[in-house]
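What follows is a set of notes on a single structure, which appears directly below.
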Amino acid sequence: MRAGRGNLQPPIGVEDGVNTQQEVMVSLRTQAEPVLGKGAAARIREFENGELYVEARTASTIWAWLVDFLLVTGLSVAAAVAYYFKSHSVDAAVGASVIGIVGLFVLPLLYGWFYGNGRGLGALFTGIRLVRLRDGGRIGLGKAGWAMLIRTLGFVIIALGVLNGDVTVTNGARTSIDVRETKRLRAAGFVRKP
């Protein structure tokens, strides 16, 4: 029995180093299936530091991105429309356009800075969290603003990619985890790969 794994047994063959990394993950997912269910167990992944997590469903990630996109875009458009109707300037349409476009760049940065813990309103709504792929830690304020900017400006491109069958929503530095299922995984004693 391994420390930190409760009463769970290591996958067969791990002790002698025979299994490949893929076989170890398959065995681990099989052991976790009674606790998490088949769907969540199939989404178990490993951070670069060896800790385990349950990856967020693609649909949850897309919904979170949609909520954030609509919020930021809606606020930008609302600010532009408010300026247009309140302005007495001859070229109010130009000013409104500038406000709307600048808002699409500035608001995501501000919005991301307020949610440096990786849980914007979209993530709270869907139960996911954006974390560092390296160790599952918080992405931090500087990176959160940048990540939100990429999310909102790239949402349309990403959504079109998903519709065409590309389900990759990570960028190699960050990933979205299913908060509830990851807690259940760890509570069951699955913290690190054996």
Smallest heavy-atom separation, Tyr84 atom then Ala96 atom, equals CB-CB, 3.8 Å
message: Applying side-chain contact (heavy atoms from CB on, under 4.5 Å) to Ile177 and Phe47, what does each step give before you reach the verdict?
response: CA-CA 11 Å; Ile177 66 169; Phe47 291 120; 3.9 Å; yes
CG of Asn49 to CZ of Arg132, rounded to nearest 0.5 Å, is 9.5 Å
Residues Ala32 and Ala41: closest non-hydrogen pair is C-CB, 4.3 Å
Besides Ile128, the hydrophobic cluster formed by Ile, Leu, Val, Met, Phe, Trp and Tyr side chains linked at under 4.5 Å, directly or via other members, contains none
Contact between Ile44 and Leu36 at the side-chain level, heavy atoms closer than 4.5 Å - yes or no?
yes
Backbone of Glu55 reached by a side-chain donor or acceptor of Arg43 within 3.5 Å: yes
Item to complete: Is it possible for you to say whether Ile99 and Phe105 belong to one hydrophobic cluster, with membership spreading through side-chain heavy-atom contacts below 4.5 Å?
Response: no
When rounded to the nearest 0.5 Å, the distance separating CZ of Arg45 from CZ of Arg29 is 5.0 Å
Common cluster, Val35/Val26, ILVMFWY with side-chain heavy-atom separation under 4.5 Å | no
Smallest heavy-atom separation, Ser176 atom then Leu130 atom, equals OG-CD1, 3.8 Å
Acceptor/donor pairs from residues 75-83 side chains to any protein atom, 3.5 angstrom cut, sequence neighbours excluded:
residue: Ser76; atom: OG; partner: Val72; partner atom: O; Å: 3.1
residue: Ser76; atom: OG; partner: Gly103; partner atom: O; Å: 3.2
residue: Ser76; atom: OG; partner: Leu104; partner atom: N; Å: 3.3

Please check: side-chain N/O of Arg192 versus main-chain N/O of Leu52, any donor-acceptor pairing under 3.5 Å? no
What one should report as the nearest heavy-atom pair of Asp68 and Gly122 is OD1-N, 3.0 Å
To the nearest 0.5 Å, atom OG1 of Thr126 lies from atom CG of Leu66 at 10.5 Å
Q. So, do Ile139 and Trp146 sit near enough that their side-chain heavy atoms are less than 4.5 Å apart?
A. no
CG of Leu133 to OH of Tyr53, rounded to nearest 0.5 Å, is 5.0 Å
The reported gap from CE in Met25 to CD in Gln22 (rounded to nearest 0.5 angstrom) is 10.0 Å
d(Met148 CE, Trp65 CH2) to nearest 0.5 Å is 9.5 Å
Applying side-chain contact (heavy atoms from CB on, under 4.5 Å) to Leu109 and not counting sequence neighbours gives Trp113, Leu149
### Query
Any side-chain heavy atom of Val179 within less than 4.5 Å of one from Arg119?
yes
